[in-house]
Number of protein chains: 2
Amino acid sequence: MNMQTRRRISYACPMRDVLDRIGDAWSLLVMLELMKGPCRFNALARVVDGVSRRMLTVTLRNLERDGLVSREVLPCSPPSVEYALTPLGGSLQSALEGLRDWAVAHQPEINAHRRSYDARELA
Amino acid sequence: MNMQTRRRISYACPMRDVLDRIGDAWSLLVMLELMKGPCRFNALARVVDGVSRRMLTVTLRNLERDGLVSREVLPCSPPSVEYALTPLGGSLQSALEGLRDWAVAHQPEINAHRRSYDARELA
DNA sequence: CGGTATCCTATCCGATACTG
DNA sequence: CAGTATCGGATAGGATACCG
């Protein structure tokens, strides 16, 4: 979906907003990490599997902009920046954990469906 | 994230899979619609705000492949195809509704954060 | 350590036209 | 009605290099 379409429908559909926010590749994973506690930039980069520093920066800025994550620069050298969930971000916790638990519980079943579907399609 | 990266990490991170599945632009909205009951193709196209027929087709195929949605061709003319949640798809219901309810409840607060952040950045 | 800036390509996806 | 096929512009995001 391009930006024109997105803007056109964003007022009509409240779900569109939450998807643009947490539906991207990394926001959800980053927030799940921060739910374990505050974390620094490079520590996040190591623990969020596969994220580039560029995308981690972009993701954190967006989460900060939405008020879901806070950013605190600690006055020391070398510089240290700590990210943490805000109360608003914390209010997402149970919903995200529900999603994660579903994902973990049903991953094998879904993969089985995929393999069987792919086998049918190739036949 | 490109496919090479995605494949490399997909085994290490179970959340990656669920995001590739429901994190795209339309899957979640389509499933929320189907939770109200079975629905036909063009009816879905009308009610899922902003979706093109192409993307609706792609989305439904992926959901079908994952075993989350079933597709039944009714033997009549003109052709009629009914989509419905499978039991596996239904098992996602409470998690998705939790997400949707959070989205609806906190949308005003998030938009306020955005406006205030943008105002600071422009200053 | 915690980022930015630039470049460049793979991918997404809407538009359009066509089919059974 | 319920799709599929193809095209092309827009965009996401990795790679790389650099900075306070």
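All chains are named by letter (A, B, ...) in the order of the sequence lines, taking the proteins before the strands, and each is independently numbered beginning at 1.
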* Answer yes or no: does a side-chain N or O of A:Arg53 lie under 4.0 Å from OP1 or OP2 of D:dA15? => no
* To do: Using whole Å, report how far CH2 of B:Trp26 lies from C1' of C:dC12.
  => 13 Å
* Asked: Quick one: on DNA chain C, does A:Asn42 or B:Asp24 contact a more 5' nucleotide (nearest heavy atom)?
  -> A:Asn42
* To do: Starting from P on D:dA2, measure out to CD on B:Glu64 and report it in whole angstrom.
  => 15 Å
* Using modelled atom types only, decide if a donor and an acceptor are shared between the side chain of B:Ser70 and the backbone of B:Thr86 within a distance under 3.5 Å. => no
* Asked: Of the nucleotides C:dA15, D:dG3, C:dG2, which one has an atom closest to the side chain of B:Arg71?
  -> D:dG3
* Asked: Which one, C:dG2, D:dG13, D:dA2, comes nearest to the side chain of B:Ser80?
  -> D:dA2
* **Presence of A:Tyr83 side-chain N/O under 4.0 Å of C:dC1 phosphate oxygens OP1/OP2** => no
* To do: Could you tell me the separation between the CG atom of B:Leu56 and the P atom of C:dA15, rounded to a whole number of Å?
  => 15 Å
* To do: Would you kindly give the CG-to-P distance between A:Leu60 and C:dC1, to the nearest whole Å?
  => 16 Å
* Among A:Val30, A:Leu85, A:Asn62, A:Thr59, which residue meets the side chain to side chain contact (heavy atoms under 4.5 Å, CB included) test with A:Val69? -> A:Leu85
* Distance in angstrom units between A:Glu82 CD and C:dG2 P, rounded -> 10 Å
* Asked: Can a side chain N or O of A:Arg40 be found less than 4.0 Å away from OP1 or OP2 on C:dC1?
  -> no
* In one Ile/Leu/Val/Met/Phe/Trp/Tyr side-chain cluster, 4.5 Å: B:Phe41, B:Val47 -> yes
* To do: Output the single nucleotide from C:dG14, D:dG14, C:dG20 whose closest atom is nearest the side chain of B:Pro79.
  => C:dG20
* Asked: Think B:Thr57 has a side-chain N or O under 4.0 angstrom from the OP1 or OP2 of D:dG3?
  -> no
* Structure fact -> Quick note, A:Met55 side chain, CB onward, closest among D:dG13, C:dC13, D:dG3 is D:dG13
* **Atom-pair distance (CD on B:Glu72; C1' on D:dC1), nearest Å** => 16 Å
* Atom pair CD (B:Glu72) and CD (B:Glu82), whose distance is rounded to the nearest 0.5 Å -> 6.5 Å
* Structure fact -> Side-chain atoms of B:Phe41 come closest, of D:dC1, D:dA2, C:dG3, to D:dA2
* **A:Thr57 side chain near A:Arg54 side chain, heavy-atom distance below 4.5 Å** => no
* Select one nucleotide: of C:dG14, D:dG3, C:dA5, the one nearest the side-chain heavy atoms of A:Arg54. => C:dA5
* Whole Å only: how far is the CG atom of B:Leu74 from the C1' atom of D:dG3? -> 15 Å
